[in-house]
Amino acid sequence: MVEIEIDGKKVEVAPGSVVIQAAEQAGTFIPHFCYHKKLSIAANCRMCLVDIEKAPKPMPACATPVTQGMVVHTKSDRAIKAQKSVMEFLLINHPLDCPICDQGGECQLQDLAVGYGGSASRYEEDKRVVFHKDVGPLISMEEMSRCIHCTRCVRFGQEIAGSMELGMSHRGEHSEIETFVGETVDSELSGNMIDICPVGALTSKPFRYQARTWELSRRKSISPHDATGANLVVQVKNNQVMRIVPFDNEAVNECWIADRDRFSYEALNGPDRLTQPMLKKDGQWHVVDWTTALEYVANGVKQIKADHGPQALGCLASPHSTLEELHLAAQFMRALGSDNIDARLRAAEFSTGSPVRWLGRSLASLSTLDRVLVVGSHLRKDHPLMAQRIRQAARRGAHVHALNEVLQDWAMPIQTALTVDSAVWVQSLADIAAAIAQQKGVQAPAKGNASSAMAQAIATSLLSGEHKAIVLGNAAAHHAKASSLLALANWMAKQTDATVGYLGEAANTVGAQLVNAQPVQGGMNTAQMLQPKALQALFLLHTEPEFDCAGGQAAAAHLGQTGMVVTLSPFQTNLAFSDVLLPIAPFTETAGSFVNTEGRAQSFHGVVRPLAETRPAWKVWRVLGTLLNLPGFAFDSIEEVRAQAIPHDIPALLSNDCHAPVDLTPAEQAPVTASIYQLDALVRRAPALQHTADAREVSHG
């Protein structure tokens, strides 16, 4: 450790630290713009100039390494004069548009100008003007005259998002931040550039001119999309969600969120919202009150159960539902005597009695990997925040290997990309296992081609290094031979001292397993329930079979032959085959919990009141259970449901062990996965996300 003195206070810091990091540790604030804890040092803005004894001039705190015995003054006359001079320089060309700037009220330049700016400007020449730019539907670059050239956005693209989409052109006062020859910013993490911009140069296009920051209430929540469980701050005005930004949690999402976490809120205020219960009579939809709708459902369930038995009842529940909703849905079906419930909507293989599948390690540890093999995932688009962590590992020299159907741009260096048809993924993994067996002199778990150059390269890499992981993506989880892939991955992990795990598709993929939202005693799985005339009554919780299920449009077409279909959704959906629509609350209007892929249970409160006649789904299940006289539905609060739903010892239930036999025959069907902006009902209804390059590629492809 190195001991230095800052403003008379002794502080010990790690060798290689810079002065501004030492000051943070000592609790001393040094003004800055270009420095960011997650980005490389640029020393562009010079706002952090400090007075260091024996130095000939003020030095930038962000770019000056500490040395033993260094004495730093951050508030001496010399330091303050230097900082005020820099502030005067930064404000020379800055437009005086704070009253209409979206950054007003949360602007670093505005805040620091109060302490370090002059009361009047000595500059009398014309201010420079920078022409606005159109970089896509998410980020507004309408007022680039505000830019102070800190290059945070440029470095974020290079270092975190992995793609340098913004750069600085020209020199001197003609310098501009812009994209390459009019391209758009298409990164799945691009919205973070808005957060890290210290002035109002980059702002949110959907939020533009919608509210002033001091008018917004700030409430914590959890992302309902992928399995990361990103922590959010939801900003609200007049009982309406206006903006979503990240809440710092180093163990989960650091200080970043994906664009779908940030912009999917648009769907909450969209025209598709279902605001009142509806019944279909003679092919026409009619608005009814809750009592009428619930009694209709309860009477229908009673009649169908009496006429056809409890096995004629089923439920498909989205893994984007809260843990409490999934728990009560499972409890409801089993209290009726049916085991027909499933949240594995896109799966092709349905194992029973298996333990809860998870990542196999902590999310934070992905950043420290030396070797990683990713099987069946478009890593960058399926799991943007996990990809970002693996990207940091790759930047430090980690070997990243991919087994996938097509070669994709993950915005990171890929050591080996093995691209083969999904039908033969098991054989390809067996080849790698055989190469590992050959190099170790042990028996291979299945017949494979050990002489394959690709397999040998991956095997050699996995047998070296210290921190290693084999991770299975969404396509591997939904594969027709998913258990064979997992069995081989387990054998390889054991031989190479790696961890094995699933990245996880949805916010509650792990949670759905924990509460047994899948058959446990021989009930029908998703594929079986979607067969023609398989059921007489089907509940759809946050589920749109056409988009959410492997069967797609064909599965949805069969549902017209089901006696009664009850859709519980925040949106007007499934109109063609549903008989009842019950408006339930999205994640912002209800309390609940999500269990992310590392097994971390995170609970949240509703941030706004339910819209119109919308009700939390856990209350709907409770009332239905009461109407049908089912035991175990006497809940007075969400906390009572949560106490029953969340297991006391989640880690004890998590395991990726698999002893299934390895089947090397080619799979007969390709795995079904959702693209980045088709994952769930919210992102599908967010206009800005649907106008991105990623969404356009899918619609045109």
Side-chain angles (χ1 to χ4, degrees), residues 274 277-283 285-286 288 290-318 321 325-345 516-546 548-549 551 555-569 573-584 615 617-618 620-633:
L274 177 65
M278 300 179 75
L279 284 180
K280 186 187 284 182
K281 296 178 182 176
D282 302 323
W285 284 103
H286 301 276
V288 296
W290 270 102
T291 302
T292 303
L294 292 174
E295 286 180 350
Y296 178 92
V297 174
N299 291 332
V301 168
K302 286 178 186 174
Q303 190 66 47
I304 290 169
K305 183 179 177 182
D307 293 346
H308 303 278
Q311 291 309 309
L313 307 169
C315 176
L316 294 178
S318 168
S321 311
E325 292 167 1
L326 291 166
H327 169 70
L328 289 183
Q331 185 170 307
F332 180 79
M333 296 309 299
R334 295 195 172 102
L336 288 170
S338 172
D339 193 39
N340 302 334
I341 179 168
D342 210 348
R344 301 166 297 177
L345 303 182
N516 288 323
Q518 58 193 45
V520 293
Q521 294 176 333
M524 283 190 265
N525 58 46
T526 299
Q528 292 167 336
M529 282 189 266
L530 290 173
Q531 291 301 310
K533 299 181 180 178
L535 299 169
Q536 289 300 314
L538 179 63
F539 289 87
L540 298 172
L541 176 62
H542 288 291
T543 300
E544 298 175 291
E546 181 180 347
D548 292 330
C549 297
H558 298 326
L559 292 177
Q561 303 170 37
T562 305
M564 181 176 72
V565 177
V566 182
T567 292
L568 295 86
S569 174
T573 185
N574 301 339
L575 298 176
F577 50 78
S578 292
D579 298 286
V580 187
L581 297 181
L582 301 178
I584 59 171
R615 296 289 183 269
W618 72 269
V620 177
W621 289 121
R622 180 191 65 183
V623 175
L624 281 173
T626 304
L627 286 174
L628 289 163
N629 298 314
L630 303 178
F633 281 85

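Bear in mind the structure is a predicted one, so any value in this text is a computation, not a measurement. Values reported hereafter were calculated over all heavy atoms of this structure, with side chains retained and with hydrogens, waters and symmetry mates removed.
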| query | Tell me the ring pair (Phe, Tyr, Trp, His ring centres under 6.0 Å) pairs involving residues 523-543, sequence neighbours left out? | reply | F332-F539, F539-W621
| Those residues that, when tested against Q531, pass side chain to side chain contact (heavy atoms under 4.5 Å, CB included) (two or more places apart) | A534
| Donor-acceptor pair, T543 side chain versus S318 backbone, under 3.5 Å? | yes
Using a 3.5 Å cut-off and no angle test, enumerate the donor-acceptor pairs between side-chain atoms of residues 292-300 and protein atoms at least two apart in sequence or in another chain.
residue : atom : partner : partner atom : Å
T292    : OG1  : D289    : OD1          : 2.7
N299    : ND2  : E295    : O            : 3.1

| said: As an exercise, state the distance from CD1 of I584 to CG of L541, rounded to the nearest 0.5 Å. | reply: 5.0 Å
| request: Could I get the full list of salt bridge (Lys or Arg N to Asp or Glu O under 4.0 Å) partners for E546, not counting sequence neighbours? | output: none
| field | Worked verdict on W290 versus L582 for side-chain contact (heavy atoms from CB on, under 4.5 Å) | value | CA-CA 8 Å; W290 270 102; L582 301 178; 3.9 Å; yes
| field | side chain to side chain contact (heavy atoms under 4.5 Å, CB included) partners for K281, two or more places apart | value | L279, H286
| said: Would you compute the distance between atom SG of C315 and atom CG of L538 and round it to the nearest 0.5 angstrom? | reply: 7.0 Å
| field | Selection residues 325-344 - residue pairs positive for salt bridge (Lys or Arg N to Asp or Glu O under 4.0 Å), sequence neighbours left out | value | R334-D339, D342-R344
| query | Can you name the side chain to side chain contact (heavy atoms under 4.5 Å, CB included) partners of S578, sequence neighbours left out? | reply | W285, V565, T567, N574, L581
| From CE (M524) to CG (L313), nearest 0.5 Å | 9.0 Å
| message | Just to verify, what does Q331 make a side chain to side chain donor-acceptor pair (under 3.5 Å) with, not counting sequence neighbours? | response | H327
| said: Show me the pairs that pass salt bridge (Lys or Arg N to Asp or Glu O under 4.0 Å) and involve residues 299-310, at least two apart or across chains. | reply: none
| request: Taking Q311 for its side chain and G337 for its backbone only, find out whether a donor-acceptor pair lies under 3.5 Å. | output: yes
| task | To the nearest 0.5 Å, tell me how far L328 CG sits from S321 OG. | result | 11.5 Å
| query | Going from CG on N525 to CD1 on I341, what distance comes out if it is rounded to the nearest 0.5 angstrom? | reply | 13.0 Å
| task | Please test L316 against L530 for side-chain contact (heavy atoms from CB on, under 4.5 Å), starting from the C-alpha separation and ending with a verdict. | result | CA-CA 9 Å; L316 294 178; L530 290 173; 3.7 Å; yes
| message | Please determine whether side-chain contact (heavy atoms from CB on, under 4.5 Å) holds for the pair S569 and L540, giving the CA-CA distance in whole Å, both sets of side-chain angles, and the decisive distance to 0.1 Å. | response | CA-CA 8 Å; S569 174; L540 298 172; over 6 Å; no
| note | salt bridge (Lys or Arg N to Asp or Glu O under 4.0 Å) filter on R622, not counting sequence neighbours, yields none
| said: Checking T573 now: which residues fulfil side chain to side chain donor-acceptor pair (under 3.5 Å) with it, not counting sequence neighbours? | reply: E544
| request: Please assess R615 against V623 for the test side-chain contact (heavy atoms from CB on, under 4.5 Å), listing each intermediate value before the final yes or no. | output: CA-CA 11 Å; R615 296 289 183 269; V623 175; over 6 Å; no
| said: Is any side-chain heavy atom of V301 closer than 4.5 Å to one of M564? | reply: yes
